[in-house]
Protein chains: 2
Amino acid sequence: MAPKQKGNVDIVAVAKAAKVSPSTVSRTFNHPDLVSPATRKKITRAVQKLGYVRNRAAQMMHGKRSGTIGLVVPTINHAIFAEVIQAFSDAIDQAGFTLLLASHGYDLDREYAMVRKLMEHRVDGVALIGLEHSDATARLIAQQETPAMAIWNYAEDSELPCVGADNRQAGRMAAEHLLQLGHRDIGLIFPDTRGNDRARHRLTAAVKALETHGISVPENRMSEAPYSVSQAKQAALELLSGPSRPTALLCGNDVIAQGALYGAQKCGLRVPDELSIMGIGDFKGSADIEPGLTTVRIPAETIGTLAGERFTSYITSEAPEMFKLCCELEPILRGTTGRI
Amino acid sequence: MAPKQKGNVDIVAVAKAAKVSPSTVSRTFNHPDLVSPATRKKITRAVQKLGYVRNRAAQMMHGKRSGTIGLVVPTINHAIFAEVIQAFSDAIDQAGFTLLLASHGYDLDREYAMVRKLMEHRVDGVALIGLEHSDATARLIAQQETPAMAIWNYAEDSELPCVGADNRQAGRMAAEHLLQLGHRDIGLIFPDTRGNDRARHRLTAAVKALETHGISVPENRMSEAPYSVSQAKQAALELLSGPSRPTALLCGNDVIAQGALYGAQKCGLRVPDELSIMGIGDFKGSADIEPGLTTVRIPAETIGTLAGERFTSYITSEAPEMFKLCCELEPILRGTTGRI
DNA sequence: AGAATTTATGAAAACGTTTGCAATACTATT
DNA sequence: AATAGTATTGCAAACGTTTTCATAAATTCT
């Protein structure tokens, strides 16, 4: 069946096969109510027979939306972004959009290049992770008048519409949980904060919360590690091998916390009796390690879904309304923290 | 700077600003050597000033490639696919292509819908995960003459070009490793194999390898669990709680193996002394758990990169050559398996 | 039965590019 | 200085759709 036409099955081939004009075929797709049921059936049959697939690029040239949304992330290969991407993708798919995905590896210049690339494809909107972007990117977005939004961070004063969590609050909550348990000597393991406002906000807020309680964090209690279990393990090992060791470790995210946990186990430290470990994020799997990781839950799936839903309706709306959604954080108390 | 034009900055606006014809502007982009350096500079300046961004959809209407490649995966939110997606994305980006991503949640009908959706966007190629797809999907691909490929599985007799690993071999290697250590009573935890040829091939090959050694696996030694640590933990708990328990667990992938490990720890079983656990995949993180997970390494990143490189050159080539690449598997011996 | 609507269809212009062909302006050759 | 090239540019058609406007057919009303 479905005899392979000589390549170019377009709307006029369908029209010919159905013995109607191209206009009518187009109308059958876009305004079916304007076309008589009989003709519609003829056309549908011709479409089936020829295996016609609509050409959205051609539609797009008539001011129609392209039906695509661009998403630019630092990396795909990271539990938390994968979760956001999945949820976002599902949500926009629901609204008939297709996802154009690009990653930049935490490089803001590459981010600009990616946004530009997406705009060449005339995406109907661009979603970015975080609120920190280069001026060039901001200019480009403003100039092209492409709808844009930020995912993952929330900020009251954001220029862009955003759906996310308050990373400062996350940092504060993590610090306060440890303080509440009586910890006074706390080690910090965070990633490089350049071009990563999420990490930076968490770190500064955590430090500030500690200072409020009269605790300052000396240099030798701070360690830098990328989002990698093994490198975080390494970093933790260093932090724990000194002559005096902290009673608790506050980690930039759950991946780092997981590495820290393994590091502690390697040192033979009992968690949480001898060392408390606190993560941020509540990644998939954090509940399942032994002991379960205490963390601050950032609802990635909710954020992705909400972002997708709001963005699509923002794009399709006649009179788009600015939106800024702050998703609730929640301390998840599991087995890696305890009273001093 | 960059004064916002009244919305539509197209090639003719640029032409007007540079006082040349649209054709010349177009040529400046596509065949710069045909344009005098002086004019080229004028045009470049006009482009800068107006903030012109090329419209690939419009180019596409002239038989030019759209510059997009579609990738359809079961799910994004899975360590192993995230890794493949990242590598694939980077590789095609390198060649100037942009990724259109869609996921179907292990539903072959939705997979068809996604492929169709991508074709409406006139992707230059479609990459699918695995070799098992619905007839409708196969027909659609053949009919549209869109280049297509399979990622993740390798099969000698595949219709599509493919880059991947031999999942049967993976299953066999896992089984043989356990056999070699003297295990005779082996429990199997695998996901539902419908619409998932990866899992099915691993399972059947593992069972066959065991049978070759005169071992048949009774019903009560098999358990089904999705790719979820917690559910796999549950499944392992059931398998291990019976009156007699197996001496080893062969798991469909590393996520399941990780769950099984936690399950064993929960039962108070010492791994690997009292129970061996074998995974398949070597996910990021599998090396870092304690004890490190013994597994069969499937080089996800290599597969993604290779797939992206080969596919782009396949697409851009004048005379495309079929390709089928089988990536090497490697048993990774860590701490979760031992002699009986 | 004829006029006035309403419904269904087609013709043609438009969208933003690319490209084959024609025209023009140079340069080199004799 | 006339000729033959060659380098540069512009014109207009083409790509696959959508949409406005006009026309034809069918229906309703008086």
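The figures here come from the full heavy-atom set of this structure, side chains too, leaving out hydrogens, waters and symmetry mates. First the proteins, then the strands, lettered A, B, ... as listed; each starts at 1.
- Here the range on DNA chain D touched by chain B, meaning any atom under 4.0 Å from one of its heavy atoms, is dT8(D) to dG16(D).
- At distances below 3.5 Å, at least one donor-acceptor pair connects side-chain atoms of His78(A) with backbone N or O atoms of Ile80(A).
- The CZ atom of Arg65(A) lies 5.5 Å from the CZ atom of Phe97(A); values are rounded to the nearest 0.5 Å.
- Other residues, nucleotides and ligands place no more than 12 heavy atoms under 6.0 Å from the CD atom of Glu301(A).
- For the residue pair Asp90(A) and Gln86(A), a side-chain donor N or O sits within less than 3.5 Å of a side-chain acceptor on the partner.
- The two residues Gln143(B) and Leu50(A) have their closest heavy-atom pair at OE1-O, 3.8 Å.
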Contacts under 3.5 Å, N or O only, protein and nucleotides 22-26 of chain C:
none

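- At a cut-off of 3.5 Å, with distance as the only test, no side-chain donor of Thr68(A) or His121(A) sits close to an acceptor on the other residue.
- Looking only at atom types and distance, the side chain of Ser23(A) has no donor-acceptor partner in the side chain of Ser26(A) under 3.5 Å away.
- Rounded to 10°, the angle separating the first-five-pair axis and the last-five-pair axis of the helix from dA1(C)-dT30(D) to dT30(C)-dA1(D) equals 40°.
- Listed in residue order, the members of residues 54-65 of chain A having a heavy atom less than 4.0 Å from DNA chain C are Met61(A), His62(A).
- Around NZ of Lys16(A), the count of heavy atoms belonging to other residues, nucleotides or ligands within 6.0 Å does not exceed 12.
- Looking at every heavy atom in both residues, Leu131(A) comes nearest to Ser158(A) through CD2-OG, 3.4 Å.
- Looking at every heavy atom in both residues, Ile315(B) comes nearest to Gly125(B) through CD1-CA, 4.0 Å.
- Atom CG in Asp33(A) sits 10.5 Å away from atom OG1 in Thr28(A) (nearest 0.5 Å).
- A pairwise comparison of heavy atoms in Pro22(B) and Ala15(B) identifies N-CB, 3.6 Å as the closest pair.
- Annotation for Arg122(B): atom CZ counts as buried by contact number, over 12 foreign heavy atoms lying within 6.0 Å.
- Ring-plane geometry between Tyr106(B) and His104(B) is classed as perpendicular, the angle between the planes exceeding 60 degrees on a 0 to 90 degree scale with a lower cut at 30.
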Every protein N/O within reach of nucleotides 5-11 of chain C N/O, cut-off under 3.5 Å:
unit_1  : atom_1 : unit_2   : atom_2 : d
dT9(C)  : OP1    : Thr39(A) : OG1    : 2.5
dT9(C)  : OP2    : Ser36(A) : N      : 3.1
dT9(C)  : OP2    : Thr39(A) : OG1    : 3.0
dG10(C) : OP2    : Ser21(A) : N      : 2.7
dG10(C) : OP2    : Ser21(A) : OG     : 3.1
dG10(C) : OP2    : Thr24(A) : OG1    : 2.7
dG10(C) : N7     : Arg27(A) : NH2    : 2.7
dG10(C) : O6     : Arg27(A) : NH1    : 3.2
dA11(C) : N7     : Ser23(A) : OG     : 3.3
dA11(C) : N6     : Ser23(A) : OG     : 3.4

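- Residues satisfying the salt bridge (charged side-chain N to carboxylate O under 4.0 Å, His left out) criterion with Arg45(A), sequence neighbours excluded, are absent altogether.
- Using a 4.0 Å heavy-atom distance criterion, Tyr52(B) is classed as a sugar-phosphate-only contact.
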